[in-house]
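First the structure, in the form of structure tokens, and then the observations on it.
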Amino acid sequence: MQEQIQTDYRGAQLSLTFSTMTAAAELKPNSQPSAELRINGLLRDSASSSQDPITLRLSSTVQTDYEWHEYIEAVIAYQPETITARLLASNVELTSLTLPRTT
């Protein structure tokens, strides 16, 4: 399954989509932690891993407002009991979501 968090930041639409699946012992073949960072609808970064638990980090720069550039980062922590996803702009958290990992 997929989950998404999104926010508008200084005129830019930020969107993080990430997989929500059970812990490693319950994984089906070819199922793995994965995430995509989109800015204004364009795919800017993606990551996946066969390891679990793991923390995935995605990043991109974006021009916001007039001539203002921001460093955008998405951090998705896959822990045994939870998944926490965060969107940050220049190290300031914009939005986050923590979900339980169900079996």
request  = For a side chain to side chain contact (heavy atoms under 4.5 Å, CB included) with T17, tell me which candidate from Q2, Q6, R38 qualifies.
outcome  =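 Looking at Q2, Q6, R38, the match for T17 under the side chain to side chain contact (heavy atoms under 4.5 Å, CB included) is Q2.
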message = Please find the pair of heavy atoms, one from L16 and one from A85, that lie closest to each other, and give the distance.
response =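 Of all heavy-atom pairs spanning L16 and A85, the closest is CD2-CB, 4.0 Å.
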ask   = Who are the salt bridge (Lys or Arg N to Asp or Glu O under 4.0 Å) partners of R44, not counting sequence neighbours?
value =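 So R44 forms no salt bridge (Lys or Arg N to Asp or Glu O under 4.0 Å) with any residue.
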key: Residues that E3 engages under salt bridge (Lys or Arg N to Asp or Glu O under 4.0 Å), provided they are two or more places apart   =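 For E3, no residue satisfies salt bridge (Lys or Arg N to Asp or Glu O under 4.0 Å) once neighbours in sequence are set aside.
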State yes or no: do [X] and [Y] share one hydrophobic cluster built from I, L, V, M, F, W and Y residues joined by side-chain heavy-atom distances below 4.5 Å, directly or via other members?
X: Y78; Y: V75; value: no
X: L58; Y: I39; value: yes
X: L56; Y: I72; value: yes

Looking at [atom1] of [X] and [atom2] of [Y], how far apart are the two atoms once the value is rounded to the nearest 0.5 Å?
X: I54; Y: S48; atom1: CD1; atom2: OG; result: 9.0 Å
X: I76; Y: L97; atom1: CD1; atom2: CG; result: 11.0 Å
X: Y9; Y: L94; atom1: OH; atom2: CG; result: 6.0 Å
X: L43; Y: L37; atom1: CG; atom2: CG; result: 8.0 Å
X: I83; Y: T55; atom1: CD1; atom2: OG1; result: 11.5 Å
X: E73; Y: L87; atom1: CD; atom2: CG; result: 10.0 Å

key: N91 atom CG: more than 12 heavy-atom contacts under 6.0 Å   =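 No, because the 6.0 Å sphere around CG of N91 holds 12 heavy atoms or fewer from other groups.
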query = If you measure only the distance, is there a donor-acceptor pair under 3.5 Å linking the side chains of Q32 and S50?
reply =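 No - no donor-acceptor pair under 3.5 Å links their side chains.
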ask   = Can a donor-acceptor pair be found between the side chains of T84 and Q79 at a distance below 3.5 Å?
value =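 Their side chains do not contain a donor-acceptor pair, so the 3.5 Å distance test is not met.
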Residues D52, R101; criterion side-chain contact (heavy atoms from CB on, under 4.5 Å); working and verdict = CA-CA 12 Å; D52 189 5; R101 293 185 87 165; 2.8 Å; yes
request  = Verify, without hydrogens or angle tests, whether S19 (side chain) and S34 (backbone) share a donor-acceptor contact under 3.5 angstrom.
outcome  =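 It does hold such a pair.
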